[in-house]
Amino acid sequence: MTDMSDTSQPPRIRGEFVLVGAALVLILGAVFYMLSSRQQALRSSPVGLDGLQVYLSAKGTETQNFAGGWRIDQDGVGLLIVPLFDTDLRAEKVWPKTRQELLMQQDEFDLSHRVLDQKRKRVPTLVVLPKWRSGMRLTGIGHPVLLNSPARTTQLLRRLTGDSRAEMIWARVPFTEFDDPADPRRRAKVYAAQMADVPFCTPLIGRSGAVLLARCPIHDNDGGERDFLLLTDPDLLNNHGLRLGDNGAMVSALIADLAQDRRVIIDYSTSNWLFAQSLVADRERTWEDLGQFFAPPFTLLWVSGTLLLLMTLWRASMRYGPARDVTGGPGASKLQAVAARARLMRLAGQDGAMLADYGKARIATTGARLFGAAHAQNYASEEGFVRYVKRRRPEHAAALEQALANLRALPPNASPSLALQRADDLERVLERIAE
């Protein structure tokens, strides 16, 4: 008899899908790590502003580095410092292909002009112009050859101020000193000073025609006018220049005055995270707020999702369900094969042949019960069992032979009642033999 044991199993997740999913997770993690590590390296480099955050905090001004990720109440911001590491706010950075291109690249961190406009129109903002190429950060050497292109920096200045007459100016001496308007005893010192001629702006540090820090007008969203601060040379307050001259004391006093006892945010983010808390309705939440997510058109989505969930659970329970209660052991697959063959015979209308096989199986089972597993193989066949009955129980031999003959004589399309009658005759004889 052919072994037709049930080998069906629930579908397994293919190994290649697991590998692809793991690869995607690793790639996304690597990209996030590279982006965050590149920004951190920029902030802690000579051209970054991490030193300014530490210095201002030590001087009592609440200062925070911000790279995005959560909303900031603009009413609590005293001054937003936005350092630019991008000379073209309208185009994306072009990645360098060689070491030479890497050292000479002028755009390290993209920021769009639209986002910068949103920020400086909402809160008092200090925009810090870029000055150095990547080679300054990578080598730590402030050589004039590593200064940004004058044409690109001038174009950026004109776009920020809206003044086509604005021009960038560079000092002709290694170090340039600037008086502190708040304290004549302090003088700022800047290496290879980068200044600007901005007619529409008011100088705060420097002089007209050679401004280092200026207050410039800008049109806000309501059509009115407001100001933003423009620092033309980042070396006044970055990690490289903060330690020169009286830069630290001069910058900390200036920023504390501008912030007016509110927070200072050094903003490295590329999106606008500012919002006006005063414009947000302040009220307690009610159950009606939650109910909005169940009202149309969400109602149809919830009903469809519930029906899909119920159908999935029902189909899973019908298809997979609990494990079948099948006796394990060496004979389990054989019992399943017998059941499978019996079902096939029933479906094919072979009841007579099925009863003949049934007789053989009952003889083998009775022999195993009478003689034990060790000796059952000698009497498992029909002929061997009949010989045993003739020798040990001769009074039942004729009835046994007649019952077996009746089973073999059944036609293939025997009626169910006749098949059951012949099976009962064999069962009664076997019960008397087994007594």
Side-chain angles (χ1 to χ4, degrees), residues 39-40 42-87 89 108-113 115-132 156-157 160-161 178 182 188 190 194 196 201 204-206 211-216 218 226-243 247-274:
Q39 187 191 75
Q40 182 59 42
L42 184 63
R43 289 163 46 179
S44 59
S45 70
V47 297
L49 301 187
D50 274 1
L52 178 65
Q53 186 270 330
V54 175
Y55 190 86
L56 292 178
S57 298
K59 292 297 182 179
T61 302
E62 183 183 356
T63 309
Q64 173 187 355
N65 285 330
F66 181 70
W70 63 88
R71 301 176 71 190
I72 295 179
D73 180 11
Q74 65 187 41
D75 297 332
V77 178
L79 181 65
L80 189 74
I81 302 177
V82 182
L84 298 183
F85 302 97
D86 186 2
T87 59
L89 304 182
E108 292 211 75
F109 197 72
D110 281 331
L111 177 66
S112 72
H113 188 271
V115 171
L116 179 59
D117 259 359
Q118 292 174 352
K119 294 178 179 180
R120 61 181 181 168
K121 290 178 179 179
R122 290 194 176 193
V123 296
T125 303
L126 170 61
V127 179
V128 184
L129 291 181
K131 177 179 179 180
W132 298 102
L156 174 62
L157 173 67
L160 291 175
T161 60
F178 297 89
V190 179
Q194 175 179 274
C201 299
L204 297 181
I205 299 179
V211 174
L212 182 68
L213 176 66
R215 187 184 299 275
C216 302
I218 185 177
R226 63 178 304 156
D227 296 332
F228 78 97
L229 298 173
L230 179 68
L231 179 61
T232 61
D233 195 318
D235 287 349
L236 178 67
L237 44 70
N238 60 18
N239 300 334
H240 160 67
L242 195 62
R243 60 186 177 83
N247 293 7
M250 184 173 171
V251 167
S252 63
L254 176 65
I255 290 179
D257 181 61
L258 294 172
Q260 298 179 354
D261 297 327
R262 290 183 295 173
R263 278 190 306 166
V264 175
I265 304 292
I266 303 176
D267 188 5
Y268 297 95
S269 66
T270 57
S271 301
N272 179 28
W273 297 91
L274 300 169

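These values consider heavy atoms only, across backbone and side chains, with no hydrogens, waters or symmetry-generated copies. The residues of the chain are indexed from 1 along the displayed sequence.
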message = Between Ser271 (side chain only) and Gly68 (backbone N and O only), is there a donor and an acceptor less than 3.5 Å apart?
response = no
Between Asp50 and Asn65, is any side-chain donor less than 3.5 angstrom from a side-chain acceptor?
yes
Given Leu236 and Val251, is the side chain to side chain contact (heavy atoms under 4.5 Å, CB included) satisfied, shown in steps? CA-CA 8 Å; Leu236 178 67; Val251 167; 3.8 Å; yes
Practice problem: For the residue pair Asn239 and Val47, establish whether any side-chain heavy-atom pair is separated by less than 4.5 Å. | Solution: no
Query raised in the report: Are Leu84 and Leu111 close enough that some pair of their side-chain heavy atoms sits under 4.5 Å apart?
Result: yes
- Task: Spell out, as yes or no, whether a donor-acceptor pair under 3.5 Å connects the side chain of Gln194 to the backbone of Thr232.
- Result: yes
Closest non-hydrogen atoms of Leu79 and Leu126, given as atom of the first, atom of the second and distance, are CD1-N, 4.0 Å
Output for pair (Leu242 CG, Leu49 CG), nearest 0.5 Å, gives 9.0 Å
Would you kindly say whether Trp273 and Asp267 are connected by a side-chain donor-acceptor distance under 3.5 Å?
no
Check: Arg226 side chain, Lys121 main-chain N or O, donor-acceptor pair, under 3.5 Å | yes
(Q) Test your reading of the model: is there a side-chain donor-acceptor pair from Ser45 to the backbone of Arg43, 3.5 Å cut-off? (A) no
Rounded to the nearest 0.5 angstrom, the CD-CD distance for Gln53 and Gln64 is 8.5 Å
* Do Ile72 and Val123 have side chains that get closer than 4.5 Å, going by heavy atoms? -> no
Separation between CD1 (Ile266) and OG1 (Thr63), nearest 0.5 Å, reads 6.0 Å
Just checking, is any N or O donor in the side chain of Lys119 or Ser269 under 3.5 Å from an acceptor N or O on the other one?
-> yes
* To do: May I have the step-by-step check of side chain to side chain contact (heavy atoms under 4.5 Å, CB included) for Arg215 and Leu230, ending in yes or no?
  => CA-CA 6 Å; Arg215 187 184 299 275; Leu230 179 68; over 6 Å; no
Heavy-atom nearest pair, Leu156 first then Leu129, reads CD2-CD2, 4.1 Å
### Query
Side-chain contact, heavy-atom cut-off 4.5 Å: Val128 with Val82?
no
In this structure, NZ of Lys131 is separated from CZ of Phe85 (nearest 0.5 Å) by 13.5 Å
Note: Phe228 and Leu160 closest approach over all heavy atoms is CZ-O, 3.8 Å
Just by distance, do the side chain of Ser252 and the backbone of Gly248 share a donor-acceptor pair under 3.5 Å? yes
Rounding to 0.5 Å, atoms CG (Asn247) and NE2 (His240) come to a distance of 9.5 Å
Derivation and outcome, side chain to side chain contact (heavy atoms under 4.5 Å, CB included), residues Leu80 and Phe66
CA-CA 10 Å; Leu80 189 74; Phe66 181 70; over 6 Å; no
On a heavy-atom basis, the closest approach of Leu52 and Leu237 is CB-O, 3.7 Å
_Can you confirm whether Thr61 sits close enough to Asp261 that some side-chain heavy atom of one is under 4.5 Å from a side-chain heavy atom of the other?_
no
*Walk me through it: do Val77 and Arg262 pass the test side chain to side chain contact (heavy atoms under 4.5 Å, CB included)?*
CA-CA 6 Å; Val77 178; Arg262 290 183 295 173; over 6 Å; no
In this structure, OG1 of Thr125 is separated from CZ of Arg120 (nearest 0.5 Å) by 8.5 Å
Margin query: In the structure I gave you, are the side-chain heavy atoms of Leu213 and Asp233 within less than 4.5 Å of one another anywhere?
Written below: no
(message) Are the side chains of Phe109 and Asp86 in contact, using a 4.5 Å heavy-atom criterion?
(response) no
Ala214 and Cys201 have their tightest heavy-atom pair at CB-CB, 3.8 Å
Scanning both residues in full, the closest heavy-atom pair of Val190 with Leu212 reads CG2-CD2, 4.5 Å
Are Glu108 and Pro130 packed together at the side-chain level, in the sense that at least one heavy-atom pair is separated by less than 4.5 angstrom? no
